[in-house]
Amino acid sequence: MSNGKEKMENIIDRLNKEPSEENWEEFAKVLPKSGIKYYRVVYMKGSIKNAEDLTKSYAELFDEKGNLVTKVPIFKKGKKIEGALYYLKGLNNINK
Amino acid sequence: MIEQNLKELEERSIFILREAKSKFKNVAALWSMGKDSTTMLALARKAFLGKVPFPVIHIDNGIDFPETYKFRDDLTKKWNLDLIVAKSEIKPEISGFSCCGSNKTEALKKIMKEYKFDALIVSIRRDEHGIRAKERVFSARDKNFRWNYKNQAAELWDDYSSKIDTAGHVRVHPLLDWNEIDIWRYIKKERIPVNPLYFSRNGFRYRSLGCTHCTVPVKSNAKTIDDIIKELKNTDTEERAGREQDKEKEYVMQKLRAFGYM
């Protein structure tokens, strides 16, 4: 495994474990060179009742051939939960 | 004929924007990065010699589309906009009515209070939704942001009154008389940049844009502005078919607007 890929995977692991601002910032830095081109937001089925349900939503990230590369959360957790989709700027949406 | 119609709409909107800027002390505009509010900013640039002379507010709950964020940042730089990002907190009760009501309206209230804006330009159109058809070009909100749609002055023969006595603020609607196809024809004519989500990808496109939570795409193969115009001439699907808050209980949009929603 190349160092770049290993680094990317470590960053995504950290982000999935703890979607803090620092981890999102780190992810945003490596995203442009990752080969990831598309994203799809996956929400829980039914209406979302509480903040805990929100944290179960995620974004699937795909490369230019449409292969699923990884999944990331869509929230930033600090003192409160905030949406974090702006960190995926530059990717194209394939929700439908 | 179409050219003439667009020219008349443009002139009316420019008049309303200039009237708003001259009659109110502290004006701001809402910008969702959608086609309507971006067209309004293009009109403002025309009305005020190439510069939007008021701040533009994006109510950001963090879960708008990534394309929307990129479009916002690119156009802010290109048009030198004075952008205010009003961060809205995601609250436990988040779906549909609660999402737009609590999250977006509360964030707007906070920013209006902080900056003391007395007029807010909002790019709604009468043909979008039944309740929006009840709006006036200059429309009062009380100090709690409530809209009393049962008690509004008539604006007959385009006789607008910007002298409104209210303890709150005034909403200004320069695009009220436009319809969806007018907007797309004007975007084409003026080469106004638009969010790429409006164009078809894999047989689907977004016709009306909100946050990722409440917006779904509609079936479409329209990949260019000409395709969109052609599609709109033949469609019988309503524009906001992909917006969840419009599908909830009866009169939910009326309730949202009465409570201060855009």
Side-chain angles (χ1 to χ4, degrees), chain A residues 15 19-21 23-25 27-28 31-32 34 36-62 64-66 69-96, chain B residues 33 58-74 76 85-99 102-104 107 195-207 209-221 242 244-245 247-249:
Chain A
L15 181 65
S20 63
E21 185 165 355
N23 288 341
W24 269 114
E25 293 287 350
F27 172 75
L31 182 61
S34 66
I36 294 167
K37 297 284 178 202
Y38 304 99
Y39 73 96
R40 176 167 63 200
V41 182
V42 181
Y43 290 108
M44 275 192 58
K45 280 186 181 172
S47 61
I48 293 167
K49 300 288 182 200
N50 53 51
E52 195 54 39
D53 286 348
L54 289 175
T55 59
K56 291 173 189 166
S57 300
Y58 57 91
E60 292 177 333
L61 307 182
F62 302 86
E64 62 184 346
K65 288 179 181 169
V69 177
T70 188
K71 293 175 186 178
V72 291
I74 58 167
F75 298 99
K76 187 165 78 176
K77 260 186 179 175
K79 282 179 188 169
K80 56 188 179 185
I81 294 173
E82 289 177 75
L85 277 177
Y86 45 82
Y87 287 110
L88 304 184
K89 266 192 301 193
L91 306 186
N92 291 319
N93 175 267
I94 54 163
N95 273 85
K96 61 180 180 181
Chain B
M33 283 72 73
H58 171 213
I59 302 172
D60 180 16
N61 54 13
I63 49 172
D64 277 338
F65 291 93
E67 289 92 334
T68 303
Y69 290 110
K70 185 173 187 304
F71 181 71
R72 178 191 74 183
D73 295 347
D74 291 349
T76 299
V85 177
K87 283 267 180 191
S88 79
E89 191 178 337
I90 293 168
K91 292 182 178 174
E93 281 186 5
I94 185 163
S95 62
F97 181 85
S98 315
C99 175
S102 308
N103 299 347
K104 291 190 174 176
N195 194 322
L197 290 169
Y198 283 116
F199 301 105
S200 174
R201 184 188 290 272
N202 302 328
F204 287 84
R205 77 177 185 93
Y206 290 87
R207 198 166 151 197
L209 282 174
C211 71
T212 49
H213 246 245
C214 69
T215 318
V216 291
V218 293
K219 276 186 181 175
S220 168
N221 289 315
E244 285 302 319
Q245 71 263 44
K247 294 177 191 167
E248 292 194 10
K249 295 167 199 158

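Chain naming here is simple, since letters A, B, ... match the order of the sequence lines and numbering starts at 1 in each.
- The side-chain hydrogen bond (donor to acceptor under 3.5 Å, both in side chains) search around B:D74 returns B:K70, not counting sequence neighbours.
- Between atom CD of residue A:E82 and atom CG of residue B:D60 there is a gap of 9.0 Å, rounded to the nearest 0.5 Å.
- With sequence neighbours excluded, the residues that form a side-chain hydrogen bond (donor to acceptor under 3.5 Å, both in side chains) with B:R205 are B:S220, B:E231.
- In this structure, the portion of B:K87 lying under 4.5 Å from any heavy atom of chain A is its side chain and not its backbone.
- When every heavy atom of B:Y69 is checked against every heavy atom of A:L85, the shortest pair comes out as CE1-C, 4.1 Å.
- For B:Y206, the part lying under 4.5 angstrom from a heavy atom of chain A is the side chain only.
- Within the 4.5 angstrom heavy-atom criterion, only side-chain atoms of B:F204, from C-beta onward, approach chain A.
- Going from atom OG1 of B:T212 over to atom CD1 of A:I74 covers 5.5 Å, rounded to the nearest 0.5 Å.
- Taking all atoms of both residues into account, the shortest heavy-atom contact from A:Y39 to B:P66 is OH-CD, 2.8 Å.
- Residue B:N202 touches chain A through both its backbone and its side chain, counting heavy-atom pairs closer than 4.5 Å.
- Using a 4.5 Å heavy-atom threshold, the side chains of A:Y38 and B:R201 count as touching.
- When heavy atoms are compared at a cutoff of 4.5 Å, A:L88 approaches chain B by way of both its backbone and its side chain.
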